[in-house]
Amino acid sequence: MVAGMINRFATTVAAEIISNKKVGAYHHIVFEVGAIAAHARPGNFVAISVGGENSSMVLRRAFAIHRSMDRGASGGVIELVVAPHGGGSRWLTGLPVHSKVSLTGPLGTAFGIPTEPVRALLVGGGYGSAPLFGLAEVLKSRGCRVDMVLGASSAGKIYAPIEGKRSVNSLTITTDDGSAGFHGKVSDFLPKLIEENQIEIIYSCGPMGMLEAISEIAQQHDLLHQCAVEESMACGIGVCMTCVLPIKGDDGVARMERSCIKGPVVDGEKVIWNSKGLIPEGTWGK
Amino acid sequence: MVAGMINRFATTVAAEIISNKKVGAYHHIVFEVGAIAAHARPGNFVAISVGGENSSMVLRRAFAIHRSMDRGASGGVIELVVAPHGGGSRWLTGLPVHSKVSLTGPLGTAFGIPTEPVRALLVGGGYGSAPLFGLAEVLKSRGCRVDMVLGASSAGKIYAPIEGKRSVNSLTITTDDGSAGFHGKVSDFLPKLIEENQIEIIYSCGPMGMLEAISEIAQQHDLLHQCAVEESMACGIGVCMTCVLPIKGDDGVARMERSCIKGPVVDGEKVIWNSKGLIPEGTWGK
Amino acid sequence: MSFDYSTSLAHASFKNPIFTASGCAGSGKELSQFFPLSDLGAVVTKSIMLKPRSGRATPRMAETPSGMLNSIGLQGPGIDLFLEKDIPWLVDQGADIVVSIAGETVEDYAILSQRLNGVAGISAVEVNISCPNVENRGQVFSCDPVTAHAAISAVKRNLNPALPIIAKLSPDVTDIAAIAEVCVSAGADAFALINTLLGMVIDLNTMRPKLAGKTGGLSGPAIRPVAVRAIYQVRSRIPDAVILGMGGVSNGRDALELVLAGASGISVGTATFGNPRAAMDIKNELESLLVERGFASFSEAVGYVHRDEI
Amino acid sequence: MSFDYSTSLAHASFKNPIFTASGCAGSGKELSQFFPLSDLGAVVTKSIMLKPRSGRATPRMAETPSGMLNSIGLQGPGIDLFLEKDIPWLVDQGADIVVSIAGETVEDYAILSQRLNGVAGISAVEVNISCPNVENRGQVFSCDPVTAHAAISAVKRNLNPALPIIAKLSPDVTDIAAIAEVCVSAGADAFALINTLLGMVIDLNTMRPKLAGKTGGLSGPAIRPVAVRAIYQVRSRIPDAVILGMGGVSNGRDALELVLAGASGISVGTATFGNPRAAMDIKNELESLLVERGFASFSEAVGYVHRDEI
Ligand SMILES: Cc1cc2nc3c(=O)[nH]c(=O)nc-3n(C[C@H](O)[C@H](O)[C@H](O)COP(=O)(O)OP(=O)(O)OC[C@H]3O[C@@H](n4cnc5c(N)ncnc54)[C@H](O)[C@@H]3O)c2cc1C
Ligand SMILES: Cc1cc2nc3c(=O)[nH]c(=O)nc-3n(C[C@H](O)[C@H](O)[C@H](O)COP(=O)(O)OP(=O)(O)OC[C@H]3O[C@@H](n4cnc5c(N)ncnc54)[C@H](O)[C@@H]3O)c2cc1C
Ligand SMILES: Cc1cc2nc3c(=O)[nH]c(=O)nc-3n(C[C@H](O)[C@H](O)[C@H](O)COP(=O)(O)O)c2cc1C
Ligand SMILES: Cc1cc2nc3c(=O)[nH]c(=O)nc-3n(C[C@H](O)[C@H](O)[C@H](O)COP(=O)(O)O)c2cc1C
Ligand code: FES
Ligand code: FES
């Protein structure tokens, strides 16, 4: 094993489902994962095989780790928030307790944790809120002020568990249809929240369009912006090159980087957004 | 729908599993199937989709109906005896009670029931005994004497439920390894059983090699022999032509006939056995 | 809302675009236990040859991941019995009929075509040229532009022009669109895309090929991406190509992919083995998907993927 | 019991027959988190080109029944960085290495070959000729006997003869054995069979091809019967053909099928995406299966299906 590298604690385990509950539009699922829990950091994800033994779905599905709890010798658990969407996620959300799934993790980059207490704004879209609660706990434990804003198309798609609310200083909800919280998109409310709470850093997770909008606002306010991207991934471990997006390096040159190992958490400022279907001019090797 | 044709009562239902018990090397599974039960005759089979919604197994699996019970308005049930073998049967035997499977039936030909009381010998190999108990009940109700001989490689592979034993006048067990009953193959004991019980007709179900051996003995003793064959079937309903075997017609000419609709129950005398890998000389269209 | 679900393959019209696939519906009788054949766009019959034919030895099939191999070897009653029994029965059922023919020689295709002239109840002829040419070392007709041309020309010269000629092509070629072009020049009015891919499964017990015929044809969902690509390619190269699409269609969504790529009709093959009523389910699902997407008629959706091409 | 698991591809020997598949193991580093690369027969590197290359736009993949489409477009660092960074790192790991090269022109293949001469730690060169030839309307090299010959000849003339040349062929041809024969005449020592099949998936929301590159390469269990057939055909036509087999191998049983058909080595591609340790699992399973069947060495099983052929 190579020291200092991404995914160096990743292993594959037969993870037992110890709870599977419907929460709004999502399923909150708890897995017994052993040592994986101890190594999981907010922002990491896991990759799960779906469909059972004779599945026609050959690829794993990636899920952001919602929370992880290391219990030492008695093993560890992680929690996921899964939207029943297509074949793989529907299979997973339909599994009874005690089922076992093949789970690989922890994978990918984690949110960077500031060494000093800062004023952080956490922005989640849909199930993108999942990794933010674990992050909020860590930030709070480092003395940060944590404000959170969660958006979704409608009330059922806001994932905000009660316990989670305790770890934030303020929680703003927005919905596209006005069925809960403020009526509108999260990005509509960011400038106000940034100013009112004197935000120093933004953390975000959600649909790519939302991350792009946040990046723009972050740049306008000259704020750091760490976002967890979600690209279509075949392997999740950096070997297939399907999950790439153009990210600028320290030399200012954009490269098609793998979002599974250079991400999912990346510096929003470095991403060339809205590049679906094209390789931006100037990208390395174009 | 075409009157007088095979499979005219066949339908596809979402059959609920109401019991699934391991019995020796097999699983005895009971399905709620509605009207299918009323139309099922001993020898018919059902075809079940395996592997769930995103299964890579695109073909149904055929299973002989062990017993069927029509309960009128309150629906009907059928029982199957399933050997966990490959992907499909293992999936099926692993299903919990209340699961639903897509089940098509009843399919194929049934054992012919004599109009007069006769002395019948029922011969089963492995799970091939499954359809014979339902057949025994029908024969008994018609006043027939029913002797049965069941063979398998070892004791665990003999399927002979207690209730079933009641419907036969005698039950002989043979195993290849001598772990239960007589040591040897069923066919070794047939001549003696035929003579002792003055058998007039043989019914059989089991591996093709066994059916062939029985056919030879039946011919030597000039007995009718109805056997349920088991060929690899893609469709089970007569549309694909994969399940053929050479069977002589009334004109004495062999044709590659579909075992799913000309069978599974066929007249042993008419079958050209041991034709795997070749088309026998003189077959129609060769 | 009146959605127009009718379609046409060249000069033959059909009430809806869902057909059986050749060789996957028996003689029709067997399937008719599960739904009325008149509810289909048409029944495509099993490829018929001149003489009765026993087909290949068994085993004839092997299941594969999301698919299957078959090597039936064109078992069938021959054209005489077929015209005497199967066709009148299908006509009686009110089914529309596309007859599939297969030859071992160019001459066979000519004779088979002649035999179909004047037979009542046939809407079109699918010419299965994805079968071995006994005059050319068993090479498949549609794998060689010369023999593909010869077989289709033989049909063109001999078949009543009222019947559209649908050339059924094998995907096992370097350039399927080039073969399609050759078929157009020989007189094909439409294409059936795709036939099975050549495959093999080895039995790990005997350590020999599982099928008696060694190789077999791969069908089912596994090959759907190849079918979509083939349809797309032919339609790109020949923009007015009329295509009967097939290959791994097992639900309405699959069918829609093929339609958008350029199929004016969909044949359902292997899916029927897993679900006897597959064609009817697909018919209903496809209609809903088209209506949901705002299409007023089926034909608007045919080849819709090509809308930006000039 | 001492089972001999070693194998060779022409004049290169390997400790076991399980390799990665080109393009399915990153630069090696990523996979080395899951098992030591030195436990593999060899790492087959992602096809490297002359210059750094961004590859295709996204989306680059679509899952399909028992398979997937990819259109990476040969993204990579170019031969300079590759030789400077990736190879030394792999050598450090104690991994055996097969370098895969891909060109846009015949000249590219010549230059790439020269660049490999004298590089320490390379056991063999896989020549990916299943890629578009920019000098010939983007037609894939291995889809045309003339360009296939030209590319392999260019390698033959320029590569140190100590390194076996493994020609990687596309299954999207009418006669893969004929292309293999051409490659032998151009100097190929072995074959890698098969590359992906060309396929397409249509996105039913946008009603456009799902991949930015429109078509993509189909891999995974869905294509295994095609791989077994291709290996079988090449080995039947060229009885002493040496083959590195690949295509849908996801467990030991799959691997055994390809070995019996004629593969002297097995590359594991798509299976690694579903199971990072797939290659190791396959290595262990295949060994058990061979021992169970009474083989004393791996090489006894290679092509065993052909044992009755004269
Ligand atoms: C880093 C990361 C974190 C994720 N976290 C979560 C999470 O916390 N909760 C959750 O519900 N889902 C999450 N997803 C999405 C999840 O991986 C699946 O894509 C989703 O559940 C749909 O899979 P499916 O099998 O149900 O649908 P299908 O539509 O059947 O999926 C088909 C294929 O497309 C891929 N795919 C389709 N859409 C996307 C997409 N938008 N992004 C990535 N891959 C896609 C799938 O991986 C799969 O290979 C995450 C994805 C990534 C990449
Ligand atoms: C008329 C008929 C009645 C049957 N009755 C019973 C029964 O009562 N109990 C029982 O346990 N099994 C029965 N079988 C066998 C059963 O259909 C399956 O073949 C068996 O369960 C293995 O399927 P699998 O998916 O587990 O194995 P796999 O090996 O994964 O099956 C792969 C494929 O091969 C086919 N196949 C493999 N072996 C055979 C075979 N010997 N005969 C037919 N098809 C084969 C399967 O149908 C499937 O398509 C019967 C088969 C037929 C044709
Ligand atoms: C068992 C079987 C028999 C077939 N017989 C024929 C045939 O006689 N003539 C023909 O043109 N195609 C034949 N085909 C090919 C199908 O018509 C169809 O082109 C192919 O199976 C792909 O469609 P599918 O994936 O929906 O099955 C056969 C396919 C199968 C599976
Ligand atoms: C994501 C991906 C990238 C690939 N890249 C290459 C490549 O660079 N060069 C090459 O020769 N083959 C490439 N291939 C083809 C594989 O090496 C292999 O031939 C094919 O995928 C079949 O094997 P599989 O089914 O085990 O994946 C690639 C395949 C995939 C899925
Ligand atoms: S998902 Fe394979 S490299 Fe990122
Ligand atoms: S299984 Fe299809 S015809 Fe018998």
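In what follows, chains are A, B, ... by sequence order, proteins preceding strands, each numbered from 1.
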* Considering only heavy atoms, which portion of Arg56(D) lies under 4.5 Å from any heavy atom of chain A: side chain, backbone, both, or neither? ->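 Looking at Arg56(D), just its backbone touches chain A.
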* Asked: For Thr64(D), is it the side chain, the backbone, both or neither that has a heavy atom under 4.5 Å from a heavy atom of chain A?
  ->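 It is the backbone, since no side chain atom gets that close.
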* If you count heavy-atom pairs under 4.5 Å between each of Leu245(A), Asn7(A), Ile237(A) and chain D, which one has the most? ->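 Counting heavy-atom pairs under 4.5 Å, the top option is Ile237(A).
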* Option that, when pairs with chain D are counted at under 4.5 Å, heavy atom only, ranks first among Thr283(A), Thr11(A), Leu278(A), Thr242(A) ->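 Top option by heavy-atom pairs under 4.5 Å: Thr242(A).
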Inspect the surroundings of [atom1] in [X] and state if more than 12 heavy atoms from other residues, nucleotides or ligands are less than 6.0 Å away.
X: Lys286(A); atom1: NZ; value: yes
X: Lys283(D); atom1: NZ; value: yes
X: Lys15(D); atom1: NZ; value: yes
X: Glu84(D); atom1: CD; value: yes

Heavy-atom closest pair, residues [X] and [Y]:
X: Thr272(D); Y: Val239(A); value: CG2-CG2, 4.3 Å
X: Leu59(A); Y: Met68(D); value: CD2-SD, 3.9 Å
X: Gly277(A); Y: Ala57(D); value: C-CB, 3.3 Å
X: Phe273(D); Y: Cys235(A); value: CD2-CB, 3.7 Å
X: Met61(D); Y: Ala234(A); value: CE-N, 3.8 Å
X: Gly55(D); Y: Ile279(A); value: O-CD1, 3.4 Å

* Is a side-chain N or O of Gln75(D) found less than 3.5 angstrom from the main chain of Met256(A), in a donor-acceptor match? ->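 Present.
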* Any Phe34(D) side-chain heavy atom under 4.5 Å of Thr104(A) side chain ->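 Sidechains of Thr104(A) and Phe34(D): in contact.
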* **Within-4.5 Å side-chain heavy-atom neighbours: Pro276(D) and Thr12(A)** =>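 Yes - at least one pair of side-chain heavy atoms lies under 4.5 Å apart.
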* Among Pro221(D), Ser219(D), Pro65(D), the one residue meeting side chain to side chain contact (heavy atoms under 4.5 Å, CB included) with Val58(A) ->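 Considering Pro221(D), Ser219(D), Pro65(D), a side chain to side chain contact (heavy atoms under 4.5 Å, CB included) with Val58(A) is found only for Pro221(D).
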* Charged N-O contact under 4.0 Å between Arg60(D) and Glu231(A) ->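 Judged by the 4.0 Å cut-off on N to carboxylate O distance, Arg60(D) and Glu231(A) do not form a salt bridge.
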Contact winner vs chain A - [options], heavy-atom pairs under 4.5 Å:
options: Ala212(D), Gly67(D), Gly220(D); value: Gly67(D)
options: Ser66(D), Gly78(D), Gly269(D); value: Ser66(D)
options: Leu37(D), Thr58(D), Thr20(D); value: Thr58(D)

* Asked: How many angstroms lie between atom SG of Cys260(A) and atom CD of Glu30(D), to the nearest 0.5 angstrom?
  ->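 With rounding to 0.5 Å, SG (Cys260(A)) is 8.5 Å from CD (Glu30(D)).
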* To the nearest 0.5 Å, tell me how far Cys240(A) SG sits from Asn70(D) CG. =>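 Here the rounded value is 8.0 Å.
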* Asked: Given a strict heavy-atom distance threshold of 4.5 Å, which part of Arg255(A) is in contact with chain D: side chain, backbone, both, or neither?
  ->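 Neither part; nothing is under 4.5 Å.
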